[in-house]
There are 2 protein chains.
Amino acid sequence: MGGGRVQPVRAGSKELIREINASLVLAELRQGLVSRTELAKRTGLSLPTVSEIVADLLNTGVVEEREVGSSGGGRRPVLLGLKADAGYVIGIKVTETRVIAVLTDLGAQIVERATETVSGGDVGTVVRAVAKVVRRLGRSKQGKSRQVYGVGVGLAGVIDRASGVVRHATYADWHDVDLAGLLAKRIGLPVVVDNDVNTLVANEQWFGAGRGVSDVAVVSIGRGVGLGMVLDGRLYRGAGGGAGEFGHTKVVADGPLCACGGRGCLETVIGEPAILKRTKTQDIEQAADRARNGDREIAEVFDEVGRVLGTAVGNLVNLLNPKLIVLAGEGTRESDLFLPGFDDALRNAVFDGLQRDLEIVVDDWDDEAWAQGAAGLFLAELFQPNLRPDEADRPSLTARSAS
Amino acid sequence: MGGGRVQPVRAGSKELIREINASLVLAELRQGLVSRTELAKRTGLSLPTVSEIVADLLNTGVVEEREVGSSGGGRRPVLLGLKADAGYVIGIKVTETRVIAVLTDLGAQIVERATETVSGGDVGTVVRAVAKVVRRLGRSKQGKSRQVYGVGVGLAGVIDRASGVVRHATYADWHDVDLAGLLAKRIGLPVVVDNDVNTLVANEQWFGAGRGVSDVAVVSIGRGVGLGMVLDGRLYRGAGGGAGEFGHTKVVADGPLCACGGRGCLETVIGEPAILKRTKTQDIEQAADRARNGDREIAEVFDEVGRVLGTAVGNLVNLLNPKLIVLAGEGTRESDLFLPGFDDALRNAVFDGLQRDLEIVVDDWDDEAWAQGAAGLFLAELFQPNLRPDEADRPSLTARSAS
DNA sequence: CCACTTCCTTCGGTGACCTTAGGAAGCCCT
DNA sequence: AGGGCTTCCTAAGGTCACCGAAGGAAGTGG
């Protein structure tokens, strides 16, 4: 049941070696055009090995020889690059009202989009809607069927990623729904389901500000407050997939009642509904506008929101000592109003010495970006070697099929 | 600078395979006596491979053939076991006043002890004291020199484990002291230095309640409050080795001033000095006795301590969703007084659904156990394969020396 | 004492790695 | 234009850890 016992690593074998090394090569190729020789240098592998791996990848069609580089007095290198259109991945963000989907190439660049409205939050409805957009994106406008490697899905809730089971969805009354299984069966593709904040994290880690940084926390603010973490270079999900319930950490003793049943949750102070209530406005934009136009009381509310968030994030830093904090979500649109207070409170809360290398980035994402993140999540799976013993049927670019 | 860029995994090679597989075999052997056939089943390796690896280990002297098991109608298995006295490891806990050292076998069982008093907290003094106990433990009573694989050291502070540099020590004015380097040079053995709570964690993970559990948080309470974490099966230290400053998370807005310069730190509420101050006693035992004998006011203080800690730990659970929480340290001696409040507050703070699989264990450790933990930390190094590319000169049982 | 079971070893094959050598393709200088 | 030099890549051969299959070793039970 999630977490459980440790089987530290998968048993070593020739195939494992090849997967690891192919992944190393692919990881370098994602950074841009590189020659074989350069690849050998960067990965630490010998040149013949790199050549052989590259030959494999060329064969599969994932990589292509691009152009010829320049050199100072010698044979010129053949630059290799990922063949972005060698295949596609679909990323999906499921919200209360809509299913937002994007088709991306292997570089996570968006190629096409599709949306479906849903209502009711019924599982069947959502599955049907997802199947519909996947079908639509699965073929080009000329009607040709596309090579789609799989689908990544993000939604708010507690999700056991290993099994793809939604333990509990935030905006619907789902319990222990095997969404990945249902979808995989329905659309016949590998499906990865994860918490939506984790999709953002994956995107950050692979394509955004967190690229190459091994310890990152992404805090999403908006209606709720979410948290995704990359620890030691890997997305951390907790024993039961429930890590990151940042919005329900208690920050006010005997504070206001939260939808979760607890009292004084962070969300009850800095979530959108809480702000609306305290500013007596209908709409967050309206509140922000007023604050910007001199409404001191409302400005005060935003300032306090920033301070509370700053302290909470500061405590997070004390616990985890990340190198980078990314603030994301709609809530960042009001960052001009709360950032000063946030910064101040953060500085006060963070233990001396953890400050110096800490970086804070505000990154505004729209719904489409979340979907793109979901695609990135699947890509991450695709590009990483299988070190764990379970996950045998994970999708992979590096595990060779028929050679 | 610490953390930094990701080099996801070490390049694959035959040696890596062997290291991984030897580690798998060793991991099984640590659980008890096992036959070759059984090892093959458990590790997923083929029998010939297991035999070969075992042959290697027998050769090295780490493993030995013990006895012959029983079978139902067939050749009886040769049971293999770790040869505990094949070598030793020294674990050391450095405190303000003493250097406590233990010599353990490869099963982390204590074989001998040694202590040195230190005063002043000067780096040179500590190094000399450590060297002294190591020298003493390094030879048996008959004066024969022992095979010692290395030394693990734990002390309170922010420590960059990769380099063994003490960024900041809690009870002394050390900054950026390369303790591991100094010690290694002085005693001529591999040295691993880490935060003392992490030594406890290592012990829990390998030999205690956390054995085989992949997500554990160990909270140490006493004079200060510490936190060590195993996340995804690995000790987590943060980008700069500074993770786990649980004692300096802010729990009271504008609370009392802490030694760290901040306000409202957890330590300022539940640390031993804080309790003494609030109960107006000289000695924590005394306070506890009074509470147990009916002093309502003091009992109230302990109850509140429990509640504050419970909420803080609850928030920790919300963030990380561990499977197990271990409470350790001298502070647990008063657990009868604060546990009820702790439990209550914890239950209220933890997000629904993260509760069900959560386990809480109180584990009282004395100073010697911390030293044993330090030994365990080194053993963990010794038994685990090198997956990372750096750490080339890490001590290891599995990387073969001259065959 | 012979069938049967279980444990372990021996042997040969595969594949991924490496090192070494050498061919290919460019530059530069006389 | 052609020989030297540099750089990039491929070819060939060796090593080693894995595996599967076959078989020897050591028991039990009829």
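Chain letters run A, B, ... following the sequence lines, proteins first, then strands; residues in each count from 1. In this text, all values refer to a predicted model and were calculated from it rather than measured experimentally.
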Inset, instruction - Apply side-chain hydrogen bond (donor to acceptor under 3.5 Å, both in side chains) to B:Ser51 and list each qualifying residue two or more places apart in sequence or on a separate chain. - result: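 Residues passing side-chain hydrogen bond (donor to acceptor under 3.5 Å, both in side chains) with B:Ser51: none at all.
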
Legend entry - Residue list, side-chain hydrogen bond (donor to acceptor under 3.5 Å, both in side chains) with A:Thr104, at least two apart or on another chain: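 With neighbours one apart ignored, the set is empty.
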
Separation of atom [atom1] in [X] from atom [atom2] in [N], rounded to whole Å:
X	N	atom1	atom2	result
A:Arg42	D:dC8	CZ	P	13 Å
A:Glu65	D:dC9	CD	P	9 Å
A:Leu39	D:dC8	CG	C1'	13 Å
A:Leu16	D:dC16	CG	C1'	16 Å
A:Glu15	D:dC18	CD	C1'	8 Å
A:Leu33	D:dC8	CG	C1'	16 Å

[X]: which residues meet the side-chain contact (heavy atoms from CB on, under 4.5 Å) condition with it, sequence neighbours left out?
X	result
B:Val151	B:Ile90, B:Ile92, B:Val134, B:Val153, B:Ile187, B:Leu189, B:Val191
A:Asn198	A:Asp194, A:Asn195, A:Val201, A:Leu235, A:Arg237
B:Lys14	none
B:Asn59	none

Identify each atom pair where a protein N or O and an N or O of nucleotides 19-23 of chain D are less than 3.5 Å apart, giving names and distance.
{"unit_1": "D:dC19", "atom_1": "OP2", "unit_2": "B:Ser46", "atom_2": "N", "d": "3.2"}
{"unit_1": "D:dC19", "atom_1": "OP2", "unit_2": "B:Ser46", "atom_2": "OG", "d": "2.7"}
{"unit_1": "D:dC19", "atom_1": "OP2", "unit_2": "B:Thr49", "atom_2": "OG1", "d": "2.5"}

Legend entry - DNA chain C: 5'-proximal contact among B:Thr37 and A:Ile53 (nearest heavy atom):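 Closest to the 5' end, via its nearest nucleotide, is B:Thr37.
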
Legend entry - Salt bridge B:Glu28-B:Lys41, side-chain N to carboxylate O under 4.0 Å: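 Not counted as a salt bridge, because no side-chain N and carboxylate O are separated by less than 4.0 Å.
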
Check the phosphate of [N] against [X], side-chain N and O only, distance under 4.0 Å to OP1 or OP2. Yes or no?
X	N	answer
A:Ser51	D:dC9	no
B:Ser35	C:dC8	yes
A:Asn21	C:dC17	yes
B:Arg36	C:dT6	no
A:Arg18	C:dA16	yes

Donor-acceptor contacts, no H, no angles, side chain residues 32-40 of chain A, under 3.5 Å, sequence neighbours left out:
{"unit_1": "A:Ser35", "atom_1": "OG", "unit_2": "A:Glu38", "atom_2": "N", "d": "3.1"}
{"unit_1": "A:Arg36", "atom_1": "NH1", "unit_2": "A:Glu65", "atom_2": "OE2", "d": "3.4"}
{"unit_1": "A:Arg36", "atom_1": "NH2", "unit_2": "A:Glu65", "atom_2": "OE2", "d": "2.9"}
{"unit_1": "A:Glu38", "atom_1": "OE2", "unit_2": "A:Arg42", "atom_2": "NE", "d": "3.0"}

Inset, instruction - Heavy atoms only: give me the nearest A:Val192-A:Phe378 pair and the separation to one decimal. - result: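 Scanning both residues completely, I find the closest heavy atoms to be CG2-CD1, 3.8 Å.
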
What nitrogen or oxygen pairs link the protein and nucleotides 22-25 of chain C at under 3.5 Å?
{"unit_1": "C:dG23", "atom_1": "N2", "unit_2": "A:Arg75", "atom_2": "NH1", "d": "3.1"}
{"unit_1": "C:dA24", "atom_1": "N3", "unit_2": "A:Arg75", "atom_2": "NH1", "d": "3.4"}
{"unit_1": "C:dA25", "atom_1": "N3", "unit_2": "A:Arg75", "atom_2": "N", "d": "3.3"}

